[in-house]
Amino acid sequence: MVETIDLTAKLGKLELAFPTLMGSGCYGSGEEFESFVDLAQIGGVVLKSVTRQPRLGNPTPRLVQTPAGMLNAIGLQNPGIEHYLLNDVKKFASRPCKVIGSVAGFSVDDYAYVAEKLAARDEIHALEVNISCPNVASEGETFACDPKLTANVVRAVRNVTDKTVIVKLSPNVTDIAAIAREAQNAGADALAVINTVRGMAIDVNAWRPRLGNVTGGLSGPAIRPVAVLAVYEVARAVTIPIVGQGGIETVQDALEFFLAGATAISIGTANFTDPRIPVRIVEGLREYLAARGVQSLRDIIGKANVGFANANQYEGDQG
Amino acid sequence: MVETIDLTAKLGKLELAFPTLMGSGCYGSGEEFESFVDLAQIGGVVLKSVTRQPRLGNPTPRLVQTPAGMLNAIGLQNPGIEHYLLNDVKKFASRPCKVIGSVAGFSVDDYAYVAEKLAARDEIHALEVNISCPNVASEGETFACDPKLTANVVRAVRNVTDKTVIVKLSPNVTDIAAIAREAQNAGADALAVINTVRGMAIDVNAWRPRLGNVTGGLSGPAIRPVAVLAVYEVARAVTIPIVGQGGIETVQDALEFFLAGATAISIGTANFTDPRIPVRIVEGLREYLAARGVQSLRDIIGKANVGFANANQYEGDQG
Amino acid sequence: MPSTTAARVHDVRVLDREELAPGVILLSFHAPELASVTRPGQFLMAIPPGGERAATALGIYEAQGERASIMFFVCGPRTRELELLDAGDTLSVTGPLGNGFSIGGARDVAIVAGGTGIASVLLAAQACIAAGARTRLFYGARTAELLVDRERFEREGCEVICATDDGSFGFHGFVTQALAQVHERPELILACGPSPMLRATAKVAAELGVPAQLSLEETFACGVGGCWGCTVPLARTSAQAPSFPDGAHGGSDVVNARICKEGPVFLASELRW
Amino acid sequence: MPSTTAARVHDVRVLDREELAPGVILLSFHAPELASVTRPGQFLMAIPPGGERAATALGIYEAQGERASIMFFVCGPRTRELELLDAGDTLSVTGPLGNGFSIGGARDVAIVAGGTGIASVLLAAQACIAAGARTRLFYGARTAELLVDRERFEREGCEVICATDDGSFGFHGFVTQALAQVHERPELILACGPSPMLRATAKVAAELGVPAQLSLEETFACGVGGCWGCTVPLARTSAQAPSFPDGAHGGSDVVNARICKEGPVFLASELRW
Ligand SMILES: Cc1cc2nc3c(=O)[nH]c(=O)nc-3n(C[C@H](O)[C@H](O)[C@H](O)COP(=O)(O)OP(=O)(O)OC[C@H]3O[C@@H](n4cnc5c(N)ncnc54)[C@H](O)[C@@H]3O)c2cc1C
Ligand SMILES: Cc1cc2nc3c(=O)[nH]c(=O)nc-3n(C[C@H](O)[C@H](O)[C@H](O)COP(=O)(O)OP(=O)(O)OC[C@H]3O[C@@H](n4cnc5c(N)ncnc54)[C@H](O)[C@@H]3O)c2cc1C
Ligand SMILES: Cc1cc2nc3c(=O)[nH]c(=O)nc-3n(C[C@H](O)[C@H](O)[C@H](O)COP(=O)(O)O)c2cc1C
Ligand SMILES: Cc1cc2nc3c(=O)[nH]c(=O)nc-3n(C[C@H](O)[C@H](O)[C@H](O)COP(=O)(O)O)c2cc1C
Ligand code: FES
Ligand code: FES
């Protein structure tokens, strides 16, 4: 019984054997975890975000531990799209799971340019558009904080690829559902909810911010209640699938997101706690569904969300 | 030496013997804690918010524990201003610390009406305007989420009293600094930063939200990095004093807020962990300053905040 | 149900730790002052050693001489942390809190306990027996092994009637079904346990025409009346009802009372849940 | 500095816990597989028993036969949690990780350690001695009692030169000042400790004209190269530099390398901090 349970998930054209993605920036390209995690047991890896130009990233410290969470301010360190296409992308072919490219930028042009080149590669199965990185000057965030800019970026990316486009939203806004609607209308196939929450920590001995970048993004269990609510609200506002994320560490945590309306989940910070967590969650989901006689994960999506707009997407592809 | 350290704080006309307020809704009217806390050792109590009409509050559960924090959705249960003035307010006269009334409402009129009646009472030393309660339908929050509405409420309250008016801001906005500026321009004497962060939790066995109100407000150490950043940003945008709050549990936590630019702090959820925490923080502040040969708490305010607009307020009242 | 003023924060030394059943811990500690002022049905708030969490509301199980104890079921992060405590460790607790049971002059008392509720009724049973009342304990659990410390109540002089959901010991079914079948009607019913059990107890008590005092559980934060997070709807006419204006909400006769402050023990007849 | 492939997650049983000094814990555990593949200067990530925190990067102190050990200074929530572990408990660790020291054919090696750095150099000292090299340990701490396990290094066959900030034992001052005063110049310097000490070591090594390998510390999250949170500026010409396009940033000759992946050990001459 446990074996026959259907945990597959669909994000636009992208078909996942498991509903678990590894969060962008948390899992390298997957290779880094290969020696102690069976990547064939996860749905896919979202790669570290890439930009048009190379970036050295932020000064250290780039990480601070906080209660039940952490702050990061990496600053999108990456070699730039050209070098990335030449040296890195070919390695991804060997991954036994789906590989999703992550695109970041500072102008609509940047996004379109990087997205087009990345999407053209067979090693890349889908794109995630990171319009919500809180750690690169203010520009970075403003895309995800402005409905119009969000729409412009999403439309530009949509126009350069037919592959699944996942748009990653920021929680640092007054009304995330409004931004979600714009992203859907502009052609997004799915939404990643949420990116990190802006925060900072201060060194009380040195009298200065603890992060080299001053501010950073908060992740981990601390933000889970914020993320669950964001998924709950976005799921009532759009009909495209949602990749829920923010502090998922156990199968119970994962279930909160599915019941709120997420079609798949993403695991980031929990990999820093214990790299076995993603596989444990998949096993836990099987047992949970089996114990309740539920055949498919799809059947519980949004079940704790009255007035779940998203529901209708499943009619089509039951069983 | 330790004894002579100056921990006093000023919020407009309100003079505090200690820079520690007890958060509204977390400390009743102080009486509830009197038998095991020496209230003479705290700066003041911010009372539970009062509304024009009586309110029964939200259905239970009203509380959920989350990692390093908690969600609450009390729903402003209170007997309404008339009954409150007759039966409750006179008891506050006996408190050995400052007593700050908290005003909540659903229209500009409500706020002005309740504020005027409350401010007229000698037992009330100052007012806090709660425009940011996330747990009363959507209306509640919209005040703190809209610069214009914020300005209207603050102006209306300002017009009915000369006592110190503290405006409590919500973190659930795209740009808290912009709201802070509006509040200052509309006549606020001080700002309380921050109220709770919106969140929710789901019961994975019952397939429904864990709070009777579905959504709630997240508080406790989990939100501290969000609160420290909010204080840091608001302190660069306004020149009036800030009451920093959000997850303060130790003297180190408190120092993060003072160094970010807070003139005073508020302690809420930590009282549920250990009621001795507020007094411990005061002792800890004395020791910290003494160890560094600093005479007055004022001298470290904003010291980790480059370009701290707020600094100039201290010229006047040094020593 | 007289109100509390004796509450203090006590730093206590753990004297003994016993695992009564898998995941059920009995922790006794040296707390003469607490023990001397505790009344049946009162609780304490156990301060988390590592901070970052609200204190945990736990019934005061034993209170005698220098010694008091708590009994808890490990079910989440806070009880998992308390589980690590052992003899010699120190723990801080705030208490005693809340208003307990009042036995008055009852000569025949039925005590109904289920699950963690057992931890809040031992002092009441002792008081009944000391007052010379016939004292029956109706004790329910999912299965036999969770009927923890049953013999203790027998040693104290209770008649113990057990019920298990799976029939592995005593009456097969809910403890309230066993209560409904009593031949000699008690004069007073005291109950503590999960709310479905308490609701059923209230129903049975009404049918038997016996007054019942119910000790309620709800998620607590402050435990002392400061946050209004732990409420239950109560008749406005109840002596325990917090003051609220007449005619509010179209003359609604209900007001939300704080379980930690006005309770945790309420008269079944006055609850409006 | 060969790269790692042997890293695994190991569930290990704690064999012994010793408090070497107040707040300094030596924890040894049964981990034959880990011990057999660990090389000098490698580290592991200790998985927090209670979750909700990133794993803690700790040097592998001993690795022999069935047994490996870690030594840590209790300074925050994660080490406070690890402090609670005792013989018989189980712990999960990921390792061995990172690239260690390479002694090559050096006949005279000076090892510089300060504070927690001592935990990462015992295996290196053993390797030097096994290779027949003269091995001097320059060991610095704030005060005498924090010069933990000093005798152990003597027993292994090191000449141990101690320095304390307060002069309570050995040389009064920084350990790098003691190093600067050596008469016989070593052929190789290996160092691990707080970055001020490492910077000073690099300076002294340059003055002495001796190659130095520095094991760096930074806040880690993943510990395996996945998050780019632990970087240090490195010469682009370094064999350890991650691949980066020529002429980027106006031909900057610097690139940020991951301490956990490309390091933690780097050639002093190639660091651009
Ligand atoms: C007056 C009073 C007296 C009490 N006396 C006792 C006593 O004597 N002994 C005793 O053992 N208890 C007692 N309790 C109950 C005890 O306070 C609670 O069980 C407390 O919450 C335990 O804290 P925790 O952090 O360990 O568990 P919590 O984290 O608070 O979890 C409590 C319950 O919620 C469930 N839960 C958590 N998350 C989810 C989710 N996402 N979906 C579904 N379910 C979830 C857990 O499984 C668990 O059963 C008393 C309570 C009150 C109010
Ligand atoms: C490769 C490597 C190997 C290591 N090996 C060892 C080893 O063998 N033994 C060992 O003991 N350590 C070692 N460390 C260091 C260890 O990983 C860190 O000390 C780790 O952070 C401890 O975690 P913690 O949660 O206990 O402390 P943290 O919470 O991470 O605190 C670490 C330090 O930050 C300070 N701090 C925290 N908050 C503030 C604030 N608000 N203001 C100012 N200061 C603050 C704390 O006082 C403490 O000194 C190693 C590190 C690396 C990278
Ligand atoms: C160290 C670190 C680096 C991250 N880098 C990126 C990034 O480059 N692009 C991106 O879209 N999200 C990035 N994120 C956000 C995560 O992908 C994820 O959305 C967020 O952390 C919430 O999930 P979590 O709590 O499971 O980590 C990063 C997060 C962390 C902790
Ligand atoms: C149970 C509870 C009830 C609260 N009620 C109110 C309220 O009535 N009015 C208000 O302005 N803030 C209220 N708050 C917010 C707190 O005053 C405080 O601003 C917030 O919790 C952040 O601080 P903390 O983390 O120290 O609790 C409440 C918080 C909690 C936890
Ligand atoms: S728990 Fe705070 S009022 Fe009851
Ligand atoms: S800690 Fe993640 S890359 Fe080094």
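Hydrogens, waters and symmetry mates play no part in the numbers below; they use all other heavy atoms, side chains included. Just so we're on the same page: letters track the sequence lines, and every chain starts at 1.
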For this session: For chain C, find which of B:T66, B:I277, B:T273 contributes the most heavy-atom pairs closer than 4.5 angstrom.
Result: B:T273
Exercise. Is there a side-chain contact between B:T51 and B:Y84, using heavy atoms and a 4.5 Å cut-off?
Worked result: no
For this session: Could you check which of C:G76, C:P233, C:G229, C:A55 has the highest count of heavy-atom pairs closer than 4.5 Å to chain B?
Result: C:G229
Exercise. Within a radius of less than 6.0 Å around CZ of B:F92, do more than 12 heavy atoms belonging to other residues, nucleotides or ligands occur?
Worked result: yes
Exercise. Taking the six-membered ring for Trp, are B:H83 and C:F244 parallel (under 30°), tilted (30 to 60°) or perpendicular (over 60°)?
Worked result: tilted
For this session: Between chain B and each of C:T219, C:T231, C:V255, C:V232, count heavy-atom pairs under 4.5 Å; write down the option with the most.
Result: C:T231
For this session: For C:R258 and C:G225, indicate whether the former's side chain and the latter's backbone hold a donor-acceptor pair under 3.5 Å.
Result: yes
For this session: Please flag which part of C:T94 lies under 4.5 Å from any non-hydrogen atom of chain B: side chain, backbone, both or neither.
Result: side chain
Problem set entry | Which of B:M70, B:E34, B:Q77 touches chain C most, by non-hydrogen pairs under 4.5 Å | B:Q77
Exercise. Tell me, side chain or backbone of B:P61 under 4.5 Å from chain C's heavy atoms, or both, or neither?
Worked result: both
Exercise. Hey, which of B:V46, B:L47, B:L39, B:I42 is the one that makes side-chain contact (heavy atoms from CB on, under 4.5 Å) with B:M22?
Worked result: B:I42
Exercise. Between B:R224 and B:E249, is a salt bridge (Lys or Arg N to Asp or Glu O under 4.0 Å) present by the stated rule, with each step listed?
Worked result: CA-CA 10 Å; B:R224 191 191 315 136; B:E249 190 171 281; 5.9 Å; no
For this session: Determine the option with the most heavy-atom pairs under 4.5 angstrom with chain C, choosing from B:Y27, B:F33, B:F272.
Result: B:F272
Problem set entry | Part of B:D274 lying under 4.5 Å from any heavy atom of chain C | both
